[in-house]
Amino acid sequence: MFEALPVKQPDAILKLMLAFRADTRDHKMDLGVGIYKDINGATPVMQAVKSAEGKLLEEQDTKAYVGPLGSPQFNEAMIETVFGKNADKQRLRSAQSPGGSGALRIIADFINEARPDATVWVSDPTWPNHIPLLSAAGLNLENYPYYDATHCKVTIDAMLSSLQKAKPGDAVLLHGCCHNPTGADLTHDQWMQVIQLLKDKDLMPFVDIAYQGFGDGLEEDAWAIREMAKQLPEMMVAASCSKNLGLYRERAGAALLMGRNDTEATTALSNLQTVIRANYSMPPDHGAHVVEMVLADDEFNANWREELESMRVRMIQLRSSFADAMRKRTNSDKFDFLIEQKGMFSRLPLNGEQIEALRENNAIYIVGDGRINVAGLPDDQAAMDTLTDAIAAVL
Ligand code: LMR
């Protein structure tokens with residue numbers, strides 16, 4: 001069987017992650033894969049997570065299966081985190097999943113069961129793994145234009161006119177906040193226009209929220225989802241705890257479904273459960289258990305929110321110091337867009353050759369489309385100067 005297989009390459013982000021690890025140069029700078037880094041360039045376990053893990057280790061007395069949907073307490077806490085304390089819980093259901101990607105995949109399988117002729121509309125550009133992940137579930141995909149790389153902003157008119165072509169029952173994949181890879185989010189007014197279109201055309205929102213708390217704040221970043229919950233009959237959300245709880249390798253996330261009413265939500269969840277059972281049977285426990293404990297305990301929760309907020313503020317400061325340094329270095333405001341954009345990513349206006357030259361000559365790792373991880377930017381002035389000099393040189 002194996003002899004006929006072609007060799008396959010990892011995608012751009014994974015490839016860069018591996019190349020960075022293999023690079024032996026001391027001064028190498030990682031602006032690639034989306035993991036948060038502190039001032040020392042480390043990705044430490046968050047304090048509240050550490051405390052909860054200690055408690056879990058002491059208290060846990062079984063490793064028996066959790067069941068396909070995971071822990072009811074975790075699911076309830078995720079509904080509140082994403083939809084807010086005042087959410088209409090009668091219409092909401094959640095399934096614990098192996099990370100945000102696991103949630104995306106089970107929702108994709110669920111769409112394929114519920115409406116196999118549906119097209120899923122995906123922003124151009126989007127997280128590169130969205131495409132193979134959704135295609136692997138057998139879904140038809142179409143792009144809608146999202147980003148104007150020349151002016152570094154959302155192309156709202158082109159997005160809306162493209163989505164006019166969607167047929168009733170199609171799903172639209174939307175980034176809840178901190179768009180990956182562009183960092184360009186819809187304004188509240190633009191969200192209202194998108195929501196109106198979803199309503200008018202009977203389209204299903206499928207929201208990926210992987211960076212809640214990294215943009216404008218934990219509650220603020222869920223604004224669009226909560227607005228959709230007020231205005232629309234149904235919705236599906238893939239939420240990740242990888243970034244905002246720093247649980248990357250533990251794979252904790254949730255697939256959330258909002259139905260028209262209690263009965264329809266229960267039926268939808270029963271279908272999701274069947275998809276899960278046929279897929280990985282039951283989700284892993286550890287990461288989600290820790291999330292549940294952090295969210296439930298007042299002290300852990302307050303500590304987590306504080307640390308998350310300091311991470312968010314640090315990324316805003318890094319955006320601003322990088323834009324300042326580029327303004328001085330290039331004598332132009334060409335990089336000021338970085339200040340307006342949100343979350344962990346933005347795209348630099350660099351071509352493939354320039355990106356390769358930065359990697360070859362300066363050990364600076366940037367994803368092939370120009371995406372940088374803002375949290376990987378250096379804090380100290382000397383390293384910032386090295387970076388801006390290197391970018392100015394390739395420009
Ligand atoms: C990223 O976009 O860098 C992260 O979501 C990590 C990944 O799996 O690609």
Side-chain angles (χ1 to χ4, degrees), residues 8-21 23 28-38 41-43 46 97-108 122-137 146-147 173-185 206-215 221 237-255 280 283-284 287 291 308 311-312 315 318-319 338 341-348 350 355 359 364-377:
K8 297 216 175 167
Q9 295 299 325
D11 71 23
I13 296 174
L14 278 187
K15 207 168 171 173
L16 198 72
M17 188 169 100
L18 299 172
F20 180 80
R21 282 188 190 158
D23 192 329
K28 63 184 179 177
M29 191 182 290
D30 184 12
L31 303 179
V33 67
I35 47 168
Y36 179 78
K37 286 162 201 261
D38 67 10
T43 308
M46 291 178 85
S97 64
S101 297
L104 286 167
R105 178 57 197 255
I106 56 175
I107 293 175
V122 178
S123 73
D124 177 20
T126 195
W127 179 49
N129 201 31
H130 274 149
I131 313 292
L133 190 155
L134 299 173
S135 306
Y146 184 78
Y147 188 63
L173 184 67
L174 298 157
H175 297 222
C177 65
C178 308
H179 186 268
N180 181 4
T182 67
D185 281 351
F206 176 6
V207 185
D208 183 357
I209 183 153
Y211 297 89
Q212 189 181 349
F214 275 23
D221 287 349
V237 178
S240 171
C241 306
S242 296
K243 327 280 170 170
N244 57 9
L245 281 119
L247 282 165
Y248 310 90
R249 64 174 65 171
E250 299 296 354
R251 313 309 297 138
Y280 50 82
V291 174
L308 176 61
M311 290 155 68
R312 186 182 80 82
M315 286 186 282
L318 286 169
R319 282 181 176 278
L338 291 161
Q341 297 184 340
K342 307 271 166 72
M344 198 173 231
F345 306 117
S346 278
R347 261 182 165 185
L348 300 184
L350 298 171
I355 290 164
R359 192 167 58 241
I364 294 168
Y365 283 74
I366 294 177
V367 185
D369 61 357
R371 191 192 82 170
I372 56 160
N373 172 4
V374 171
L377 289 167

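Both ligands and their constituent atoms are indexed starting at 1 by order of listing.
Looking at Met344 against ligand 1, nothing comes within 4.0 Å, counting heavy atoms. Contacts with ligand 1 closer than 4.0 Å are made by side-chain heavy atoms of Tyr211 only, the backbone lying farther away. By the criterion of a heavy-atom distance under 4.0 Å, neither the backbone nor the side chain of Asn373 is placed next to ligand 1. When non-hydrogen atoms are compared, ligand 1 lies under 4.0 Å from the side chain of Arg371 (C-beta onward) but not from its backbone.
By the 4.0 Å heavy-atom criterion, Val33 is counted among the residues contacting ligand 1.
Atom OG of Ser240 and atom CG of Asp208 lie 8.0 Å apart (nearest 0.5 Å).
Protein heavy atom at the shortest distance from atom 8 (O) of ligand 1 is Trp127 CZ2, 3.6 Å. Of all protein heavy atoms, the one closest to atom 5 (O) of ligand 1 is Lys243 NZ, 3.2 Å.
Side chains of Tyr36 and Asn373: no donor on one and acceptor on the other come within 3.5 Å. Counted by atom type alone, Arg319 and Ser346 present one or more donor-acceptor pairs between their side chains at under 3.5 Å. Counting only N and O atoms by type, the side chains of His175 and Asn180 include no donor and acceptor under 3.5 Å apart.
Those atoms of ligand 1 that come under 4.0 Å of a heavy atom in Ile13, given as number and element, are 2 (O), 3 (O), 9 (O).
Taking only nitrogen or oxygen atoms, main chain and side chain alike, Gly34 reaches within less than 3.5 Å of ligand 1.
Ion pairing between a basic and an acidic side chain is recognised when a charged N comes within 4.0 Å of a carboxylate O; Lys37 and Asp30 show such pairing.
For Phe345, the ring-ring contact (aromatic ring centres under 6.0 Å, His included) partners are Tyr211, not counting sequence neighbours.
Residues Lys243 and Ala210 approach most closely at CG-O, 3.0 Å, considering heavy atoms.
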